[in-house]
Amino acid sequence: MLNTKKDDFLSYLKGKNLLITTHDSADLDGFVSVIVLKFFFENFFSNQNIYLTFSKLSKYTQNFVVKFLQKFPDFNFPSKNDENFSDIDIIVIVDTNNIEQIKLSSALNLEVPFIFVDHHLDLKKNYGRNITSLNLIFENYSSTAEIILELIDNYDFNLPIPYKYLLISAILTDSGFLKYGNTETIKHLLNILQNGIDFQDVLPLLENETDISKKIANIKGLQRAKLIRADSWLIGISHVSSFSASVASTLIKVGFDVGIVYTKEKSKYRISARAKKNVCLKTGLHLGKVFNGISNVDGGGHDGAATLNGENDLERTLNEIIDSIKRTLINYKPL
Ligand SMILES: [Mn+2]
């Protein structure tokens, strides 16, 4: 990240009252990015209010918070959301660049500008109030936490140990424990870890006891899976009533190259897809771009993971997705 970019970002925010938030059902990366950014701003700036707010935390994040507090009982997570937004000058939105994923009507109704700090595909949507020149959107980072870490690192800022645990946890989960990471991800981890944190101490915080409803969703999703074969590629389609992302990952684990799973409630539906990393690298498949290219829906994501929300027309959308994925896979000619 260019230093001038960081300097511009911070000098714009200096002296302004800020609200930091993230996408709905905040995952660990979104949650941690908000917490660490608030801590940094509070120490870096003076005489300005720094608020944060969440619409909802994901179940995984909630479980993490419980375990984290057993390890650091004195750590002060914000006990409740800041709700008085009357003096906010600007909103910093982390871990998404899609306003549709923010479920905070009271904050969004404020007529104030906002800036994105994110590592997802830059949707380049033209939101009138987004100061695009100040956005820190870098698709080559495997987590937003790494962008925040680099920002902080520049200013010789000493982060207390619990905050380091938070950042490591976010980087590990968002990079799929490095499966989706790169050399920079490892450098970022090394950077935090070398100051006296034992890697093995972090891992227990990230263990996930799968609850029974998720297990059942995974099993039912597998039972209902339909196989579509395109050349030597295997695409799996299934449906569940919740946990579609987890089920899509499960499809990949059992042998599908691409897993597509939908949930439907009345006319509204949600589609999650996962693809094997090596399939994306080989064929150029980018699920985020596929989803973003479907008309009349709201979708996006990464090459190997994407989500879409739509209304009516589930069949049409599914067919469009399958056709687009098939086309990319079939066009691939091994050297
Ligand atoms: Mn993220």
Side-chain angles (χ1 to χ4, degrees), residues 1 20-38 40 52-65 68 91-104 114-123 125 135-152 163-182 184-189 192 202 205-206 208 244-246 248-249 270 272-275 277 280 286-289 291-292 298-309:
M1 202 192 317
I20 315 170
T21 192
T22 185
H23 54 84
D24 187 40
S25 200
D27 62 359
L28 210 47
D29 190 34
F31 176 70
V32 162
S33 296
V34 170
I35 303 267
V36 176
L37 203 54
K38 176 176 157 83
F40 171 63
L52 61 75
T53 189
F54 298 103
S55 42
K56 209 179 98 202
L57 303 183
S58 76
K59 202 146 198 179
Y60 184 86
T61 306
Q62 292 174 28
N63 288 338
F64 171 87
V65 168
F68 188 87
I91 308 176
V92 179
I93 297 171
V94 304
D95 204 36
T96 182
N97 64 83
N98 184 355
I99 282 298
E100 308 289 322
Q101 292 180 348
I102 313 283
K103 298 267 147 38
L104 295 160
F114 52 84
I115 302 174
F116 294 117
V117 179
D118 188 27
H119 69 122
H120 295 92
L121 178 72
D122 192 344
L123 300 175
K125 289 195 183 178
N135 285 345
L136 301 177
I137 303 179
F138 301 102
E139 295 161 21
N140 57 331
Y141 284 63
S142 59
S143 61
T144 302
E146 290 167 72
I147 300 175
I148 310 265
L149 176 68
E150 273 196 20
L151 184 73
I152 290 176
Y163 287 93
K164 291 182 176 168
Y165 269 78
L166 289 177
L167 284 173
I168 297 169
S169 303
I171 296 171
L172 283 176
T173 48
D174 245 40
S175 69
F177 289 81
L178 294 180
K179 219 198 296 179
Y180 311 109
N182 51 42
E184 291 303 310
T185 319
I186 295 172
K187 279 190 199 160
H188 288 132
L189 279 176
I192 321 181
V202 186
L205 297 173
L206 304 175
N208 197 9
S244 57
S246 160
S249 302
R270 178 187 184 87
S272 300
R274 294 288 184 275
K277 189 72 190 175
C280 297
H286 194 296
L287 294 174
K289 288 180 186 166
F291 277 23
N292 194 33
D298 174 48
H302 303 283
D303 53 354
T307 313
L308 167 158
N309 291 294

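For the numbers below, each heavy atom of this structure counts, side chains included, while hydrogens, waters and symmetry mates do not. Both counts, for ligands and for their atoms, begin at 1 and track the order of listing.
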Visitor: Which atoms of the protein, restricted to N, O or S, are nearer than 2.8 Å to the Mn ion (ligand 1)?
Guide: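 Per the 2.8 Å query on the Mn ion (ligand 1), atoms found are Asp29 OD2, Asp95 OD1, His119 NE2, Asp174 OD2.
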Visitor: Relative to the ring of Phe54, is the ring of Phe31 parallel (under 30°), tilted (30 to 60°) or perpendicular (over 60°)?
Guide: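 Rings of Phe31 and Phe54: tilted, 30 to 60°.
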Visitor: Between the side chains of Ser55 and Asp24, does any donor sit under 3.5 Å from an acceptor?
Guide: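 Note: Ser55 and Asp24 side chains meet the donor-acceptor criterion.
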Visitor: Answer yes if the side chains of Ser142 and Ser175 hold a donor-acceptor pair under 3.5 Å, and no otherwise.
Guide: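 Looking only at side-chain atoms, Ser175 and Ser142 do not form any donor-acceptor pair under 3.5 Å.
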Visitor: Apply salt bridge (charged side-chain N to carboxylate O under 4.0 Å, His left out) to Asp298 and list each qualifying residue two or more places apart in sequence or on a separate chain.
Guide: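 Scan of Asp298 (salt bridge (charged side-chain N to carboxylate O under 4.0 Å, His left out), adjacent residues dropped) gives Lys125.
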Visitor: Tabulate below the donor-acceptor pairs under 3.5 Å that side-chain atoms of residues 300-307 make, not counting sequence neighbours, or state none.
Guide:
{"unit_1": "His302", "atom_1": "NE2", "unit_2": "His120", "atom_2": "NE2", "d": "3.2"}
{"unit_1": "Asp303", "atom_1": "OD1", "unit_2": "Lys277", "atom_2": "NZ", "d": "3.4"}
{"unit_1": "Asp303", "atom_1": "OD2", "unit_2": "Lys277", "atom_2": "NZ", "d": "2.9"}

Visitor: Applying salt bridge (charged side-chain N to carboxylate O under 4.0 Å, His left out), can you list everything that pairs with Glu184, at least two apart in sequence or on another chain?
Guide: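 Glu184: salt bridge (charged side-chain N to carboxylate O under 4.0 Å, His left out) contacts with Lys187.
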